[in-house]
Amino acid sequence: MKLDSRRWALVAGVALIVAAGVFALIRAGFFAAPDLASLWTWSLDNWETAGVGLSGEPVRVAHEPLALIRNLALITVSFIGVLLGTPRLVEVVTRSGRGGGAVGEDFIKTRRLIDGELGTILSLVRAHLDSNKTYSAALVKGHRDLAATSSPDQIRAAVVLLIAENQKMLRETEEHQRRLEDSQRQITQLRAELAETQELNVRDSLTQVFTRRHFDETLAREAKTAAAADRALSLIMADIDHFKKINDGHGHLIGDEVLKNFARTMSKHVEEKDTVARYGGEEFAIIMPSVCFIEAKATAERIRAEFETKKWAIKGGAPIGRITASFGVAQLAPRESAESLIQRADAKLYVSKSRGRNLVTVDADLSSR
């Protein structure tokens with residue numbers, strides 16, 4: 001995923017500020033030789049390494065460099081990680097939020113929550129950088145004061161100031177880290193909620209197969225991919241025979257059950273890469289990437305045969321009788337558009353209807369178009 005210029009500028013700015021702060025502390029002379037053990041512990045003992053003697057007792061005041069660098073790195077990486085993971089999420093929210101209705105309102109609400117979390121993260125990073133700048137200035141001032149005085153009281157005051165600033169920096173760093181982790185968890189939860197909402201937006205509420213809109217988008221994308229890679233792409237169009245008679249004779253509740261059962265039967269015979277969609281009313285479609293028309297015909301025949309053998313009856317009433325479906329199959333030809341592929345498969349579906357129904361008819365013409 002590529003970062004735009006503003007994100008690059010933000011990341012570069014954070015890195016430059018961190019590097020400048022560390023360099024200033026090194027030049028101030030407050031860093032002793034780095035202690036590698038400080039990378040693995042949060043103990044205050046490993047944050048303080050330089051000794052100052054007052055009446056013979058050791059007092060440690062300087063910040064351990066590796067510990068400081070570690071915490072700056074953790075916060076910076078956490079921020080960049082969330083930043084990198086968010087653009088696609090925001091893109092999905094923006095696109096799907098235009099759908100309207102309850103689902104669209106959910107997307108708008110979630111988008112606002114994400115904006116709020118990103119604002120929180122930016123505020124935390126800014127606050128941490130401000131704290132680090134204040135801490136660095138205090139270290140430089142304390143070093144100057146210690147070098148310019150020999151009075152025990154003044155030395156003690158400078159040491160107390162440095163220790164207080166060091167402890168304050170530690171507390172603020174840990175608080176910033178905790179809040180960043182909370183924001184990351186919140187965005188992870190929002191991402192899961194968005195995925196669930198998006199799934200509802202592309203699934204037919206009755207049959208749970210994909211919607212016509214998702215079918216159109218998927219077929220257009222798969223047709224371009226198949227043409228670029230010179231691979232097969234087949235389409236099955238299917239229609240339940242005499243469905244209006246089922247609705248008129250037995251009611252829409254029975255008709256709905258027939259639709260759901262047909263959708264389940266189709267889904268049972270396809271692979272995960274395939275797309276089963278409700279094209280409209282009682283008509284369905286299956287997009288089959290990397291599948292030739294011969295294999296697609298075999299799949300359609302399996303669906304037709306299983307659906308034909310199902311036993312239908314109204315609960316507590318008389319049997320409904322046999323219900324069948326008709327199918328049309330076509331394979332994408334060179335330089336053919338998705339719309340043309342649909343027209344050819346749909347034409348063969350109506351050939352099956354005209355020849356008595358409960359048939360699979362294939363368009364095997366692969367000439368250039």
Side-chain angles (χ1 to χ4, degrees), residues 92 95-96 98-99 198 201-204 206-244 259 262-263 265-305 307 324-369:
V92 170
R95 184 179 68 249
S96 301
R98 295 192 291 264
Q198 185 189 26
N201 199 35
V202 299
R203 293 280 182 179
D204 177 62
L206 176 65
T207 63
Q208 295 305 303
V209 297
F210 288 107
T211 61
R212 168 68 181 274
R213 176 181 175 181
H214 183 76
F215 165 83
D216 290 338
E217 293 174 351
T218 302
L219 184 61
R221 183 178 64 251
E222 291 292 348
K224 290 180 181 178
T225 301
D230 193 25
R231 72 184 187 194
L233 173 66
S234 291
L235 176 64
I236 300 174
M237 300 296 290
D239 188 272
I240 299 174
D241 297 328
H242 301 297
F243 185 74
K244 188 176 185 301
L259 290 171
F262 187 52
T265 304
M266 297 180 78
S267 299
K268 174 182 175 182
H269 288 279
V270 300
E271 299 181 7
E272 186 176 353
K273 64 180 177 60
D274 302 328
T275 300
V276 179
R278 187 177 180 185
Y279 193 74
E282 68 273 22
E283 191 170 2
F284 292 78
I286 307 176
I287 304 170
M288 306 185 75
S290 302
V291 172
C292 68
F293 66 83
I294 297 174
E295 296 171 329
K297 178 185 178 182
T299 298
E301 285 286 3
R302 287 193 294 270
I303 295 170
R304 184 202 62 76
F307 192 66
T324 61
S326 301
F327 300 80
V329 178
Q331 180 179 333
L332 186 72
R335 294 185 291 280
E336 183 177 25
S337 66
E339 292 76 11
S340 173
L341 178 62
I342 294 173
Q343 291 172 2
R344 289 198 298 123
D346 210 38
K348 291 304 176 181
L349 166 62
Y350 282 95
V351 169
S352 295
K353 292 278 191 183
S354 65
R355 290 179 178 176
R357 297 179 172 81
N358 194 26
L359 294 172
V360 176
T361 306
V362 177
D363 186 337
D365 183 7
L366 294 181
S367 58
S368 298
R369 296 177 186 277

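Everything numeric in this text was worked out from a predicted model, so none of it was measured.
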Name the orientation class of the two ring planes belonging to F284 and F262 (parallel below 30°, tilted from 30 to 60°, perpendicular beyond 60°). perpendicular
Between R231 and E222, does the side-chain contact (heavy atoms from CB on, under 4.5 Å) criterion hold? Intermediate values first, please. CA-CA 10 Å; R231 72 184 187 194; E222 291 292 348; 3.7 Å; yes
When rounded to the nearest 0.5 Å, the distance separating NZ of K268 from CZ of R302 is 11.5 Å
Would you give the length of the straight line joining atom CD1 of I287 to atom CG of L341, rounded to the nearest 0.5 angstrom? 9.0 Å
Under the criterion side-chain contact (heavy atoms from CB on, under 4.5 Å), which of L235, L219, L233 is the partner of L332? L233
Can you sort out the partners of E272 under side-chain contact (heavy atoms from CB on, under 4.5 Å), two or more places apart, ordered by chain and number? none
Determine, stepwise, if the pair M266 / V209 fulfils side-chain contact (heavy atoms from CB on, under 4.5 Å). CA-CA 10 Å; M266 297 180 78; V209 297; over 6 Å; no
In Å, rounded to the nearest 0.5 Å, how long is the span from OG1 of T299 to CD of E271? 8.0 Å
Rounded to the nearest 0.5 Å, what separates atom CZ in F243 from atom OG1 in T324? 13.0 Å
Which pairs with one or both residues in residues 344-354 pass side-chain hydrogen bond (donor to acceptor under 3.5 Å, both in side chains), sequence neighbours excluded? D239-K353, D241-K353, E336-R344, R344-D363, S352-T361
Positive for side-chain contact (heavy atoms from CB on, under 4.5 Å) with F215, one of I342, T275, I286, V276: I342
Of all pairs that satisfy side-chain hydrogen bond (donor to acceptor under 3.5 Å, both in side chains), the ones with a partner from residues 282-298, not counting sequence neighbours: none
